[in-house]
Amino acid sequence: MPHNGPRDSLSPLGVAEVSTAVGEQQRVTESADELVPALTLISHPTATRAGARLLLDAVLAGRDVALSRNGPNFTRPGEPFGHPLSDPFVSRIPIVFSKGDTGWIRLRVVEGGTRVTVNHQLVTDCEFTREALAAGVPLDVSGRLVLLLHLASRETGVPADTLGMLGDSQGIRRVREHIQRIADLQVPVLVRGETGTGKELVAQAIHQHGPRQGRPFISVNLGAIPKELAAAELFGAQRGAFTGATRDREGFFRAAQGGTLFLDEVGEAPPEVQVMLLRVLETGELYPVGGNTPIKTDVRLIAATDSNLEEHIRDGRFKAPLLHRLSGYEIRLPPLRERREDLGELFRHFAREELEAIGEAHRLTSRDLYAEPWLPTSLALRLLCFAWPGNIRQLRNITRQLVIGSRGQPVLRLDPRLAEELETAAMASPVAMPPAAVARRKSTEVTGEELLSALREHQWDLKLTADRLGIPRSSIYNVIDKHPNLRRAGTLTAEEITSCHRECAGDLDAMVRRLEVSKKALNRRLKELGLSTRGS
C-alpha cells in the first residue's frame with residue numbers, strides 16, 4: 001500500500017503470467033509488451049462505466065496528468081471517445097500524477113482537492129514503485145469512486161473477437177492470443193489454472209474457432225468419474241467386459257469423433273487410464289475395455305488441470321510421457337487476483353444477468369449522480385481487495401447473492417452471512433497487500449518555514465504534519481524544539497495558558513491558533529489546570 005508522504009512505496013503482489021509450450025515447454029511472459037501506468041474504473045455512480053480506462057503513459061515521458069471531475073476522458077478499448085469522471089463530488093481541483101523521484105509514479109492531491117484514500121489511509125503526496133503498480137493500487141476517490149492504479153498495455157484496440165472472455169487485462173489478452181494461435185492446429189492443448197478461472201471456456205473457444213467447429217464438443221470431468229469406471233467411460237467397453245456391463249458402451253472418445261474432447265482435472269486420471277491416454281495420443285487408436293481390436297480416433301484432445309503435475313510425477317502419481325504428450329501447447333490462465341482491473345467489468349456483467357432475471361436492470365443505468373452509488377465504495381473496495389480463491393466462478397456466485405439479497409433496495413447491501421463467508425475465505429487466502437507506512441525522511445532536511453507551513457495546514461495535528469513532511473512523528477518534536485518561533489504545549493506556563501483561555505472564552509480551536517501548539521497536548525494541559533473548553 002502507499003505511504004503517506006513524498007516518498008511512498010508498495011510491495012509487489014506479482015503480475016499474471018501466461019506461458020506456452022510447443023513440443024518442449026517454452027515460457028513466454030507478459031514482459032514482451034511494454035506496460036505503462038493506467039487507471040481503471042472499478043466502480044462509479046453510473047455503474048455501466050466500470051471497466052473504462054485512462055492510460056498514464058504521458059507520465060513516463062515526464063508530463064503531468066491532472067485528473068479532475070472534468071477530464072481527462074476514460075475510454076473503453078476500441079472506443080474513439082470517452083467520458084470524464086463527471087461526478088459532482090469529485091473536485092475540479094486536480095489529482096496530479098507525475099513521474100516519481102524514488103518510485104515509478106507520484107500521486108499528489110492539490111490543496112483543497114478531492115479526498116483520496118488507500119488502505120483507509122488519507123494520502124496527499126505519495127509515490128509508488130513499479131512493483132506496486134504490478135500488484136494494483138486501489139484508490140478511493142471522494143468516497144464515491146474506486147479506481148485501480150496498475151500496469152496496462154499501450155495497446156488500446158478492441159480485439160476483433162473477445163472469444164467470450166471479458167476483460168482487458170494483459171493476462172486475458174495473452175490468453176486470447178494463444179487461443180487464436182493454436183485453434184486451427186491439431187496439437188493437443190493443456191490448459192492450466194486455478195479452480196474457477198475458466199478453463200472449459202478456453203477449450204470451447206479453441207473448438208469454436210478451429211476447423212472442428214460444428215462438430216461434437218464433449219466435456220468430461222475426470223475427478224467426478226469413479227476410478228473403476230473411468231476407462232470404460234472414456235474408451236468404451238464391450239458387453240461382459242466387467243460386472244454390470246450388459247451392453248456395449250461407446251465411450252466419450254467415440255462420442256467426440258471428428259470433434260473435441262475436453263478432459264478436465266486430468267491429474268485425477270487413474271494409472272491405467274493414463275496408459276490408455278498415452279497410447280491414443282501416440283497412435284491415434286484406442287482399445288475399448290474388454291476389446292482386442294483397435295479403433296481409429298479422430299479427436300482434438302484438450303486437457304485441463306489445477307494440479308501441479310510435475311509434483312505428481314515426482315510422487316509417482318502421474319506419468320511424465322503423458323504430460324509431454326498432453327502439453328503439445330500449454331496455456332496458463334491468470335487467477336482473478338492477478339487481473340484485478342477486470343473485476344469491475346466482470347462484476348457488472350454478472351450483475352446485469354441477475355438484475356435482468358429479477359426485473360431490476362435499471363439499477364445499472366441510473367444517472368442520478370447525487371444518489372448513493374448502487375455499488376457502494378466500501379463494498380467495491382472489499383471485492384477488489386479480496387483474494388478470490390474460487391476466481392471467476394466465485395465472483396459470479398457472490399454477485400448473484402449480493403443482487404438477490406439486495407432485491408428491491410436502491411443499493412447493494414452485504415448481509416452478515418455473506419460478510420462472514422467473505423471474511424472466512426479472506427483468512428484462508430489472504431491478499432499480500434502490506435499496510436501503509438510512512439516514508440522516512442531525515443528531520444534535518446525539514447526547514448523551519450516548511451514545518452510551520454505544514455503545522456498550520458494541518459491545524460497543529462502532529463501526526464498529519466509528520467506524514468505530510470515524510471518524517472517519523474517522534475522526530476517532529478526535535479524539529480519544533482530547533483525552531484525559534486515554535487513551542488510545545490508542555491513548555492507553556494500556567495499563566496500564559498490561563499490568560500489565553502480567558503481571552504478566547506474557552507474556545508479550544510481559537511487557543512490552538514493563537515498559541516500555535518498541538519491541540520491534543522494543549523487540551524491535556526487545560527485539563528491539568530482544571531479549565532473547561534468548548535469547540536471541537
Side-chain angles (χ1 to χ4, degrees), residues 1-9 91 93 107-127 140 142-143 378 381 434-536:
M1 274 304 127
H3 312 316
N4 201 21
R7 297 291 184 272
D8 296 345
S9 63
S91 175
I93 301 174
L107 179 157
R108 181 167 52 88
V109 179
V110 179
E111 184 176 356
T114 300
R115 179 175 60 86
V116 178
T117 61
V118 181
N119 241 15
H120 308 292
Q121 178 183 353
L122 184 69
V123 295
T124 56
D125 192 344
C126 52
E127 291 192 9
D140 175 354
S142 75
S378 59
L381 286 169
V438 178
R440 299 309 182 197
R441 177 185 179 192
K442 292 181 179 179
S443 59
T444 54
E445 298 175 357
V446 179
T447 65
E449 293 72 19
E450 187 180 6
L451 171 63
L452 185 59
S453 175
L455 284 166
R456 287 172 175 167
E457 177 184 350
H458 295 289
Q459 291 77 49
W460 268 260
D461 185 309
L462 299 187
K463 182 180 185 306
L464 291 179
T465 300
D467 289 349
R468 172 66 180 85
L469 296 172
I471 62 176
R473 182 180 176 181
S474 58
S475 299
I476 201 167
Y477 297 106
N478 295 331
V479 182
I480 291 174
D481 291 342
K482 293 177 182 179
H483 195 291
N485 298 323
L486 288 177
R487 295 178 297 172
R488 296 162 60 176
T491 64
L492 298 176
T493 66
E495 293 76 10
E496 189 174 7
I497 294 175
T498 302
S499 175
C500 184
H501 179 269
R502 182 176 59 254
E503 293 172 2
C504 294
D507 188 325
L508 180 59
D509 290 329
M511 293 182 68
V512 168
R513 288 192 294 271
R514 175 174 294 193
L515 295 173
E516 295 194 328
V517 293
S518 164
K519 184 175 181 178
K520 291 181 179 179
L522 178 59
N523 196 32
R524 284 197 299 268
R525 290 295 309 278
L526 289 167
K527 288 180 178 179
E528 291 171 1
L529 296 171
L531 299 174
S532 61
T533 61
R534 61 184 180 86
S536 56

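Small disclaimer: the values here were computed from a predicted structure and weren't measured. When a residue number appears, it is its place in the shown sequence, counting from 1.
The shortest distance between side-chain heavy atoms of S142 and R115 does not fall below 4.5 Å. Counting only heavy atoms from C-beta outward, the side chains of L107 and T124 never approach each other to under 4.5 Å. In this structure, T533 and K527 have side chains that are not in contact, with every pair of non-hydrogen atoms separated by 4.5 Å or more.
Nearest approach of A489 to R525, heavy atoms of both residues: O-NH1, 2.8 Å. The minimum heavy-atom distance between V116 and L122, with the atom names listed, is O-CD1, 3.5 Å. L529 and A494 get closest at one heavy-atom pair: CD2-CB, 4.0 Å. Heavy-atom minimum distance, T114 versus S91: OG1-N, 2.7 Å.
Looking only at distances, a side-chain donor or acceptor of D507 sits under 3.5 Å from a matching main-chain atom of D509.
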| said: I'd like to know whether I93 forms a side chain to side chain contact (heavy atoms under 4.5 Å, CB included) with V109, so could you lay out the CA-CA distance, the side-chain angles of the two residues, the decisive distance to 0.1 Å, and finally the verdict. | reply: CA-CA 9 Å; I93 301 174; V109 179; over 6 Å; no
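Legend: residues meeting salt bridge (Lys or Arg N to Asp or Glu O under 4.0 Å) with R513, ordered by chain and number and at least two apart, are absent. Every residue two or more places apart in sequence or in another chain was checked for a side chain to side chain donor-acceptor pair (under 3.5 Å) with R524, and none qualifies.
To the nearest 0.5 Å, atoms NE2 (H501) and OG (S499) are separated by 11.5 Å. Note that the CE atom of M511 and the NZ atom of K519 stand 12.0 Å from one another [nearest 0.5 Å]. Rounded to the nearest 0.5 angstrom, L515 CG and C504 SG are separated by 7.0 Å. The line from OG1 of T117 to CG of L381 is 7.0 Å long, rounded to the nearest 0.5 Å. Interatomic distance, D140 CG to H120 NE2, rounded to the nearest 0.5 Å: 8.5 Å.
Residue pairs that meet the salt bridge (Lys or Arg N to Asp or Glu O under 4.0 Å) test with at least one member in residues 483-499, sequence neighbours left out, are D481-R488, R487-E496.
Exactly one of I497, V512, L492 qualifies for a side chain to side chain contact (heavy atoms under 4.5 Å, CB included) with V517. That residue is L492.
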